[in-house]
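Notes follow once the structure below has been shown.
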Amino acid sequence: MTYQSDLLNLLSERGHLHQITDAGALDALAAKQVVTGYVGFDPTAPSLHIGNLASIMLLKRLQDAGHRPIVIMGGGTAKVGDPSGKDATRTMLTEEKLASNIAGIKGSFERILRFDDSPTGALLINNDDWLSKLGYIELLRDVGQHFTINRMLTFDSVKTRLDREQPLTFLEFNYMIMQAYDYLVLAREYDCRLQLGGSDQWGNIVNGIELARRIDGKEVYGFTAPLITRADGAKMGKSVDGAIWLNESELPAYDFWQYWRNTDDRDVGKFLKLFTDLPLDEIARLEALQGAEINAAKEVLANEVTRMVRGDDAAQAAQATARDTFAGGGAGEDLPTLNVGEEGMRIGAVLTGLGFTASGGEAKRKLAEGAVKLDGETVSDPGYVVCLEPDAQVKVSLGKKKHGILLR
């Protein structure tokens with residue numbers, strides 16, 4: 001479908017479009033004026049992960065199309081916890097931990113979005129600025145009257161937990177009211193007319209739209225992107241080793257780069273559209289590559305995403321490490337390292353210490369399978385102790401994709 005506005009055309013062509021509350025009205029508005037839109041991110045960890053990257057890209061597309069993005073740091077909502085997609089109550093975070101997480105997360109937005117004083121310059125705002133000042137009686141009286149328990153019970157974030165007979169606290173039950181109130185404040189203070197998010201946020205977004213209409217009579221809109229899954233059915237953003245973090249402090253650049261380099265052949269075109277700015281005709285050429293040639297497209301994907309998220313130096317270093325490790329059989333400088341000390345270290349402890357295995361039991365299984373090598377030589381004895389001379393190093397590999405350096 002072709003739209004009037006560059007915004008909806010861009011989002012549609014790139015594969016970001018799932019649902020829009022009033023496509024015609026939003027399209028007409030975006031075609032005639034700068035639209036301010038926002039996405040909320042609860043700072044529940046010291047880094048965002050690539051599942052969040054999909055939402056950051058929505059803000060980037062908004063800005064690329066000539067509109068103004070707002071990043072909402074959920075310093076207030078994170079004190080409650082979004083029940084969407086969760087099977088259990090979130091751990092409560094202290095003020096200090098939330099502040100620390102926000103500080104760690106900000107850099108990801110600053111790399112990808114343009115923050116300046118222009119009409120389309122991005123803004124970063126903490127919703128704790130208004131939520132923590134909101135009196136409970138005021139919230140119940142002015143906002144609560146617009147929500148019915150009957151309807152709130154129908155939302156997936158609530159219904160799923162209740163259907164599974166899993167606890168949903170009164171605190172979490174109020175999350176959707178708080179998020180709706182965010183939209184009301186942003187519409188008033190910043191003339192924000194659009195909230196964007198993943199498909200699991202549809203109910204929360206609709207709540208905010210209806211609240212703005214009922215209290216202020218203001219027409220605002222919602223846009224959701226599809227849940228991104230890999231060709232194997234797994235949720236985007238997870239690996240066998242856990243979340244793929246955006247921050248270097250949580251995940252080395254090489255491991256971040258390698259995640260994208262290992263993309264399933266069937267996902268290359270989709271991920272190039274969603275997570276890079278490459279022209280669509282170039283993406284079509286790359287995803288049409290066959291056989292071993294598709295690996296060149298995967299390197300382009302890994303380079304482009306790593307450059308955007310971590311910077312050009314990180315992308316170049318990661319690619320050089322990969323080539324040294326795989327093509328040349330050497331040991332790239334960007335590989336994870338572990339010091340085995342004077343006494344040495346059992347091979348199982350080495351594997352868990354590098355994060356290659358999650359437990360000693362898993363390490364033993366990998367050794368028994370013949371999947372572990374030291375400088376190319378297979379090691380299968382779980383009692384083997386890696387001892388090194390001073391200043392020596394050895395390359396350890398688990399399978400074909402996990403490599404590290406052992407030092408003394």
Side-chain angles (χ1 to χ4, degrees), residues 14 46-54 56-57 60 64 104-115 236-237 239 241-265 267-283 285-287 289 292-338 354-356 393-407:
R14 289 280 172 172
S47 170
L48 298 174
H49 53 75
I50 61 172
N52 303 122
L53 184 59
I56 300 176
M57 292 305 295
K60 186 178 190 305
D64 289 344
I105 287 170
K106 287 172 66 175
S108 294
F109 298 108
E110 291 167 350
R111 283 192 181 278
I112 299 172
L113 302 175
R114 173 174 46 80
F115 288 84
M236 181 69 179
S239 74
D241 300 314
I244 304 301
W245 301 104
L246 301 191
N247 287 14
E248 181 74 24
S249 60
E250 303 300 316
L251 185 73
Y254 171 76
D255 292 333
F256 183 83
W257 186 94
Q258 194 64 32
Y259 175 86
W260 297 98
R261 170 60 181 78
N262 292 337
T263 294
D264 188 295
D265 293 2
D267 287 328
V268 171
K270 178 170 74 173
F271 289 173
L272 283 168
K273 287 179 182 178
L274 290 170
F275 299 108
T276 81
D277 290 329
L278 288 180
L280 293 176
D281 56 353
E282 174 64 6
I283 292 173
R285 183 189 71 79
L286 289 169
E287 69 176 330
L289 296 175
E293 290 186 341
I294 194 66
N295 291 328
K298 294 180 184 181
E299 283 208 17
V300 171
L301 173 64
N303 288 336
E304 290 295 317
V305 180
T306 305
R307 182 178 295 113
M308 179 177 63
V309 173
R310 299 289 185 86
D312 193 55
D313 290 347
Q316 290 184 24
Q319 184 177 33
T321 293
R323 288 179 174 171
D324 287 346
T325 302
F326 297 105
E333 295 179 0
D334 204 31
L335 292 179
T337 61
L338 181 67
L354 285 168
F356 291 176
Q393 69 177 40
V394 64
K395 176 183 169 186
V396 60
S397 302
L398 175 60
K400 296 181 179 180
K401 296 178 180 178
K402 294 183 178 181
H403 306 274
I405 303 297
L406 302 181
L407 309 168

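Position 1 is the first residue of the sequence, and the numbers go up from there.
Here the straight-line distance linking atom CD1 of Ile50 with atom CG of Leu246 works out to 8.0 Å at 0.5 Å rounding. Note that CG of Asn262 and CG of Asp255 are 10.0 Å apart. Values are rounded to the nearest 0.5 Å. Annotation: the span from Leu289 atom CG to Ile294 atom CD1 amounts to 5.0 Å, rounded to 0.5 Å. Annotation: the span from Glu287 atom CD to Leu280 atom CG amounts to 9.5 Å, rounded to 0.5 Å. The CG atom of Asn303 sits 4.0 Å away from the CD atom of Gln319 when rounded to the nearest 0.5 Å. In this structure, the separation between CG on Leu251 and CH2 on Trp245 is 10.0 Å, given to the nearest 0.5 Å.
When the side chain to side chain contact (heavy atoms under 4.5 Å, CB included) test is applied to Arg114, the partners found at least two apart in sequence or on another chain are Gln63, Asp116, Ser118, Thr120. Listed by chain and number, the residues in a side-chain hydrogen bond (donor to acceptor under 3.5 Å, both in side chains) with Ser108 are Asn247 (sequence neighbours excluded). The side chain to side chain contact (heavy atoms under 4.5 Å, CB included) check on Lys270 picks up Asp267, Leu274, with sequence neighbours excluded. The side-chain hydrogen bond (donor to acceptor under 3.5 Å, both in side chains) check on Asp312 picks up Arg307, Gln316, with sequence neighbours excluded. Looking at residues two or more places apart in sequence or on another chain, you find a side chain to side chain contact (heavy atoms under 4.5 Å, CB included) between Leu407 and Thr337, Gln393, Ile405. Listed by chain and residue number, Glu282 satisfy the salt bridge (charged side-chain N to carboxylate O under 4.0 Å, His left out) test with Arg285 (two or more places apart in sequence, or in another chain). For the side-chain hydrogen bond (donor to acceptor under 3.5 Å, both in side chains) test, residues two or more places apart in sequence or in another chain that qualify with Ser397 are His403. Contacts of Glu299 classified as salt bridge (charged side-chain N to carboxylate O under 4.0 Å, His left out), with partners at least two apart in sequence or in another chain: Arg323. Under the rule for a side-chain hydrogen bond (donor to acceptor under 3.5 Å, both in side chains), the partners of Asp265 that lie at least two apart in sequence or sit in another chain are Lys298.
Test Thr263, Val305, Leu286, Asp277 against Leu272 for side chain to side chain contact (heavy atoms under 4.5 Å, CB included) and you get one pass: Leu286.
Taking the six-membered ring for Trp and thresholds of 30 and 60 degrees, Tyr254 and Trp257 have nearly parallel ring planes, at less than 30 degrees apart.
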Leu406 vs Leu354, side-chain contact (heavy atoms from CB on, under 4.5 Å): CA-CA, chis, key distance, verdict: CA-CA 9 Å; Leu406 302 181; Leu354 285 168; 4.1 Å; yes
From CA spacing to verdict: side-chain contact (heavy atoms from CB on, under 4.5 Å), Leu301, Leu278: CA-CA 9 Å; Leu301 173 64; Leu278 288 180; over 6 Å; no
Is there a side-chain contact (heavy atoms from CB on, under 4.5 Å) between Lys60 and Met308? Walk through the geometry before answering. CA-CA 11 Å; Lys60 186 178 190 305; Met308 179 177 63; 4.2 Å; yes
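Using modelled atom types, no side-chain atom of Arg310 and backbone atom of Ala315 make a donor-acceptor pair closer than 3.5 Å. Under the 3.5 Å distance criterion, the side-chain polar atoms of Asn52 are left unmatched by any main-chain donor or acceptor of Leu48. A distance-only check finds a donor-acceptor pair linking the side chain of Glu248 to the backbone of Ala253 [under 3.5 Å].
No side-chain heavy atom of Arg14 sits less than 4.5 Å from a side-chain heavy atom of Met57. The closest side-chain heavy-atom distance from Arg111 to Val309 is not below 4.5 Å.
Residues Phe356 and Leu398 share a closest heavy-atom pair of O-CD2, 3.6 Å. The two residues Phe115 and Phe109 come nearest to each other via the heavy atoms CE1-O, 3.5 Å. Minimum heavy-atom separation, Leu113 to Ile56: CD2-O, 4.5 Å.
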